[in-house]
Amino acid sequence: MVENLPKTYNPKDFEDRLYKFWKDNEYFKAKVDRNKKPFTIMMPPPNVTGNLHMGHALNNTIQDVLIRWMRMEGYETLWLPGTDHASISTEAKVVEKISAEGKTKEELGREAFIEEAWDWTRKYGGTIYNQLEKLGVSCDWSRKRFTLDEGLSRAVEEVFIRLYEKGLIYRGDRIINWCPSCKTAISDAEVEHKDTLGNIWHIRYPIKGEDRFITIATTRPETMLGDLAVAVNPEDERYKDLIGKTAILPLVNREIPIIADDYVDMEFGTGAVKITPSHDPNDFEVGERHNLGQCIIMNEDGTINENGGKYNGLDRYEARKRIVEDLEEEGYLVEVKDHDNSVGHCERCKTVVEPLISKQWFVKMEPLAKPALQAYYNGELNFIPDRFGKIYTHWLEGIKDWCISRQLWWGHRLPVYYCEDCGETMVSREAPEKCTKCDSENIYQDPDTLDTWFSSALWPFSTLGWPENTEDLQYFFPTDVLITGYDIIFFWVVRMVFSSLEQTGKVPFKDVLLTGLVRDALGRKMSKSLGNGIDPLYVINEYGADALRFTLVTGNTPGNDMRFSMERVEANRNFANKLWNATRFVLMNLDEEVAMEDIDSELLEEEDKWILSRINTVIKEVTENLEKYEIGLAAQKIYDFIWDEYCDWYIEMVKPRLYGNNKDSKETAEKVLIKVLENILKLLHPFMPFITEEIWQHLPQRKEALIVSKWPVYDEKNKDLEAEKRMAFIMDAIKGIRNARQEMNIPPSKKATIIFVTKDEKIKDIIDYGKRYFINLASGENIIIQEDKNNLGEDNVSVVLDRCEIFVPLKDLIDFDKEIERLEKEKEKIEDELKRARGKLSNKDFVNKAPEHIVAKEREKLKKYEDMMEKVVERLASLKSNQ
RNA sequence: GGGCGAUUGGCUCAGCUGGCUAGAGCGCCACGGUGACAACGUGGAGAUCAUUGGUUCGAGUCCAAUAUCGCCCACCA
């Protein structure tokens, strides 16, 4: 006996301790080591003030699985953690805080506000790191980064300037999405479209100097205040004579031209469209084509401005209401219809966004998108699952310029300066002393900051020291795989790819492994408002990090949403407990000295050869699964192996040897037990790092930590198909006997003779060899092998196997009707199989066209079932005749 | 309007390049306090793999269509 483990698995006893142990020993720390191959993952940076939710837990677990596995494979692994400043969301939180103190952002002033935001960041910024540690993430904390760090900020500035100098960043008046609540422009990607049942209003505009009207249709009547034309299709017979005439804008009494433009769809609405160039992207284009000019009617908070005449100061929806009322009153409203409309909402605050013209900074996307598309088509960039590649390319193909300026204070300020006097724009690393054009010293910096995603787009290389050509950058970049949710492909993945290609010439990662959403047990999205979110920390506290991790990693496939239920966590906790107790069993039967000795292959028993062959196969399969990112499958295989094969079969088979007094046999069993256990721990470690390390530390003479031990390697010479076959027979026989006995309600305590009837020499050998299996696992009293059924009598339960029949004499305990019924059922099953096999084999096409080994397998099956059938029929006849 | 995903025992899901006698966990039924584990063991019941066609020697797996649910994209006022 080696060392005591506590009787039940209690993760709280060791998880924190082990995490500290790993950290203190710097196992997570990556070093540039030219003798090793690097393996790099950049952790998607959570919001700096955020809390760990199930989504984080899921993708960080997957990352940790891969990192731990590759570390054991001998790679120099870097998993770089960090956080994102999340400008819009952090700013909103800080605004909320100071408004609770009765102050506005403006009152506070920019500098003081940013100081507040830093305070906030310092206060809440560490939380998520601590939470991640609880999960067991083995990332290199010494390299943690924050998007507002000096280095990363420099990278942001550098990229901005380079893109500007290349003409890929420009400033211009465009229709952008304006969030009246966040009071900033947002990019197209940040707009969520929701189908909403609204109205469409038909409004007639009088024609100047005539007693006629032209009727337009609109879903946003308030924007009419900014109308600068009415457009019709040039081919539209209904309106041909109106083209070139002038309409009078009701309520406003502005004279606006009636123009012809292909954009107008004759089929839709009335075929006449009001044109509001400042408040609609299509109208904007029409306006450009017809030189209509601009008329902005809205303030940044969504109220109508002074251009709205008497509606000045009203909120946009209040204005809509009044305008409709007024139109109706004055007889301009023709009709109101229900109308399904796709309405854009601010992704962050859910406010309806207002398209409006604004002077903003943009990244020209087309030249950047092309290489990013190419990378995918070339195969330099892969998505797992691949279907997301289509989403990626589709988005890039239709991409529009990226609005990157935000009217926020928390973030990277644009390195752009303007001359107050001549209006010159200067983009530079340092604030210019004076205007490069007119020498004026009246210079001010652009007040805007950059879209948060502008800095996260640089994450794979800015975190490694770019634009400096650091050692880290040379060694660890490009990274290997990105693990993230499919919901941020547009925001982040795409932008990292094109930014990296543009700045470094390299694709930032080879593979993108997409995770789905973690939903609640009912399939609903976990959300704050529903209150149905399950806190990963609660789960860890109740069941341990390993159980949580295992739950997240199994039972679903990449890119698919998963339902999270506590029942599954509990099941996985039970699995951990199972392993825990199996270990206790092994350790309490282990002699420390013996455990250190090599296995003498001459002394291996059948079950030893079998389990060694099996673990060998499992090593191969698990490794292959991991290589293909089939993480759930890999985990499942280890689970099954541990529970079914190692615990339920191997340990049970080996017990008599451990309790017996054959020294060689006993010691061999110990050695095999420990050897297989070691491999199990290694294979399971990436998934359940804590329990496996804890157990490992209890094994005899463990010099190194499991976390840095060597990943097991498949070894062809351990493969033993013969042993596997023989054990398969033994197990089938045991299962058959158990089944027959239980169906007959024979208590397990009732031991009985087991008689094997077979003429097959190989089978005789293995039964003879393995008597103890049957005695121990099939309630056997003594084992008899014979070639015929003489002297058997009828007081038996029987089991029909391939080339073997088993009889268990149980005088007075047999219910013959029941036994017949049981065998009839068995016969039916065999009949079905026979029918199937015969059907296949009588099909000439099958025999000729199917691969040889498939046909051979089918023939074997047929033979087996024929043999079994013969026996069942015979046995049934015999039973019936004796009734 | 386009695109994608899901549909497998009561529930939640696996099933990778077609060969499967369709698996697991939970739940259910029966038995079991045996010297790792009742967070357990043993046995069992329970599935025409959504429907319909097609390809193939062979389809849960590939193709097409349909249905239901879900998601994403899209400037039609």
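No experiment lies behind these values; they were computed from the predicted model shown. Scope of the values below: all heavy atoms of this structure, side chains included, with no hydrogens, waters or symmetry mates. Labels below follow one simple rule: chain letters A, B, ... track the order of the sequence lines, proteins then strands, and each chain is numbered from 1.
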J.: Which whole-number value in Å describes the distance from Asn572(A) CG to C37(B) P?
T.: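 Result: 22 Å.
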J.: In this structure, how many angstroms lie between the P atom of G19(B) and the CZ atom of Arg836(A), rounded?
T.: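 Rounded to the whole Å, the gap is 13 Å.
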J.: Respond yes when some side-chain nitrogen or oxygen of Ser565(A) is under 4.0 Å from OP1 or OP2 of C26(B), and no when none is.
T.: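 Looking at the OP1 and OP2 atoms of C26(B), neither is under 4.0 Å from any side-chain N or O of Ser565(A).
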J.: Produce the list of close N/O pairs, under 3.5 Å, pairing protein atoms with atoms of nucleotides 54-60 of chain B; give distances to one decimal.
T.:
unit_1: C57(B); atom_1: OP1; unit_2: Lys849(A); atom_2: NZ; d: 2.5
unit_1: C57(B); atom_1: O2'; unit_2: Asn843(A); atom_2: ND2; d: 2.9

J.: If you look only at pairs with a residue in residues 279-290 of chain A, which of them pass as a salt bridge (charged side-chain N to carboxylate O under 4.0 Å, His left out), with sequence neighbours excluded?
T.: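 Sorted pair list: Arg220(A)-Asp280(A), Asp261(A)-Arg289(A).
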J.: Looking only at side-chain N and O atoms, does Lys861(A) come under 4.0 Å of OP1 or OP2 in C20(B)?
T.: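 For Lys861(A), the contact criterion (side-chain N or O under 4.0 Å from OP1 or OP2 of C20(B)) is not met.
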J.: Any side-chain N or O of Arg563(A) under 4.0 Å from OP1/OP2 of C13(B)?
T.: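 Yes, Arg563(A) has a side-chain N/O under 4.0 Å of OP1/OP2 on C13(B).
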J.: Can you tell me how far C1' of C28(B) sits from CD of Glu567(A), to the nearest Å?
T.: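 Atom-to-atom, Glu567(A) to C28(B), this comes out as 15 Å.
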J.: Taking side chain to side chain contact (heavy atoms under 4.5 Å, CB included) as the test, write out the residues that go with Lys12(A), two or more places apart.
T.: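 Only Asn10(A), Asn541(A) meet the side chain to side chain contact (heavy atoms under 4.5 Å, CB included) criterion with Lys12(A).
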J.: Listed by chain and number, what are the side chain to side chain contact (heavy atoms under 4.5 Å, CB included) partners of Lys863(A), not counting sequence neighbours?
T.: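 For Lys863(A), no residue satisfies side chain to side chain contact (heavy atoms under 4.5 Å, CB included) once neighbours in sequence are set aside.
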J.: What is the distance, rounded to the nearest whole Å, between atom CZ of Phe585(A) and atom C1' of C37(B)?
T.: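 These atoms are roughly 11 Å apart.
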J.: Excluding sequence neighbours, so at least two apart, what forms side chain to side chain contact (heavy atoms under 4.5 Å, CB included) with Asp644(A)?
T.: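 Side chain to side chain contact (heavy atoms under 4.5 Å, CB included) check on Asp644(A) returns Asp640(A), Asp648(A).
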J.: State, without any angle test, whether Asp227(A) and Tyr205(A) hold a side-chain donor-acceptor pair at a distance under 3.5 Å.
T.: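 Asp227(A) vs Tyr205(A): donor-acceptor pair found between side chains.
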J.: Nearest-Å distance, CG (Asn745(A)) to C1' (G32(B))?
T.: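 It is 12 Å, rounded to the nearest whole Å.
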J.: Among residues at least two apart in sequence or on other chains, which ones pass ring-ring contact (aromatic ring centres under 6.0 Å, His included) with Phe284(A)?
T.: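 With neighbours one apart ignored, the set is empty.
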J.: Whole angstrom is fine here: how far is it from CG in Leu396(A) over to C1' in G3(B)?
T.: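 Result: 16 Å.
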J.: Does Lys857(A) put a side-chain nitrogen or oxygen below 4.0 Å from OP1 or OP2 of C20(B)?
T.: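 Answer yes for this pair, as a side-chain N or O of Lys857(A) is under 4.0 Å from OP1 or OP2.
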J.: Please determine, by modelled atom types, if Lys840(A) and Ser842(A) share a side-chain donor-acceptor pair under 3.5 angstrom.
T.: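 There is no such pair (donor and acceptor under 3.5 Å, judged by atom type) between the side chains of Lys840(A) and Ser842(A).
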J.: Hunt down any stem RNA chain B takes part in, defined as 3 or more consecutive Watson-Crick or G-U pairs whose two distances are each under 3.5 Å.
T.: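 Detected stem regions: B:1-7 with B:67-73, B:10-13 with B:23-26, B:28-32 with B:40-44, B:50-54 with B:62-66.
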J.: What is the distance, to the nearest angstrom, from the CD atom on Gln636(A) to the P atom on A22(B)?
T.: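 Atom-to-atom, Gln636(A) to A22(B), this comes out as 19 Å.
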J.: Distances for protein N/O vs nucleotides 39-41 of chain B N/O pairs under 3.5 angstrom?
T.:
unit_1: A39(B); atom_1: O4'; unit_2: Asn574(A); atom_2: OD1; d: 3.1
unit_1: A39(B); atom_1: O2'; unit_2: Asn577(A); atom_2: ND2; d: 2.6
unit_1: A39(B); atom_1: N1; unit_2: Tyr9(A); atom_2: O; d: 3.2
unit_1: A39(B); atom_1: N3; unit_2: Arg573(A); atom_2: NE; d: 2.9
unit_1: C40(B); atom_1: OP1; unit_2: Asn574(A); atom_2: ND2; d: 3.2
unit_1: C40(B); atom_1: O3'; unit_2: Lys578(A); atom_2: NZ; d: 3.2
unit_1: G41(B); atom_1: OP1; unit_2: Lys578(A); atom_2: NZ; d: 3.2
unit_1: G41(B); atom_1: OP1; unit_2: Trp643(A); atom_2: NE1; d: 2.4

J.: For Pro234(A), enumerate each residue passing the side chain to side chain contact (heavy atoms under 4.5 Å, CB included) test, keeping only those at least two apart in sequence or located in another chain.
T.: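 Side chain to side chain contact (heavy atoms under 4.5 Å, CB included) list for Pro234(A), sorted by chain: Ala260(A), Asp262(A).
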J.: For a quick test of your reading: what N or O donor-acceptor pairs under 3.5 Å do the side chains of residues 516-524 of chain A make, sequence neighbours left out?
T.:
unit_1: Arg519(A); atom_1: NE; unit_2: Asp561(A); atom_2: OD2; d: 2.9
unit_1: Arg519(A); atom_1: NH1; unit_2: Gly523(A); atom_2: O; d: 3.0
unit_1: Arg519(A); atom_1: NH2; unit_2: Asp561(A); atom_2: OD2; d: 2.9
unit_1: Asp520(A); atom_1: OD1; unit_2: Leu522(A); atom_2: N; d: 2.9
unit_1: Asp520(A); atom_1: OD1; unit_2: Gly523(A); atom_2: N; d: 2.9
unit_1: Asp520(A); atom_1: OD1; unit_2: Arg524(A); atom_2: N; d: 2.8
unit_1: Asp520(A); atom_1: OD2; unit_2: Arg524(A); atom_2: NE; d: 2.8
unit_1: Asp520(A); atom_1: OD2; unit_2: Arg524(A); atom_2: NH2; d: 2.8
unit_1: Asp520(A); atom_1: OD2; unit_2: Asn532(A); atom_2: ND2; d: 3.0

J.: Going by the rule ring-ring contact (aromatic ring centres under 6.0 Å, His included), which residues pair with Phe388(A) if we only count those two or more places apart in sequence or in a different chain?
T.: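 With sequence neighbours excluded, Phe388(A) shows a ring-ring contact (aromatic ring centres under 6.0 Å, His included) to Tyr486(A), given in chain and number order.
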J.: When you check every protein heavy atom under 4.0 Å of nucleotides 71-77 of chain B, what one-letter string (B, S, -) results, 5' to 3'?
T.: --S-BBB
J.: To the nearest angstrom, how far is Leu517(A) atom CG from C13(B) atom P?
T.: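 About 13 Å, once rounded to whole Å.
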J.: Run the ring-centre check on Phe687(A) versus Tyr639(A) and record whether the distance is less than 6.0 Å.
T.: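 No, too far apart.
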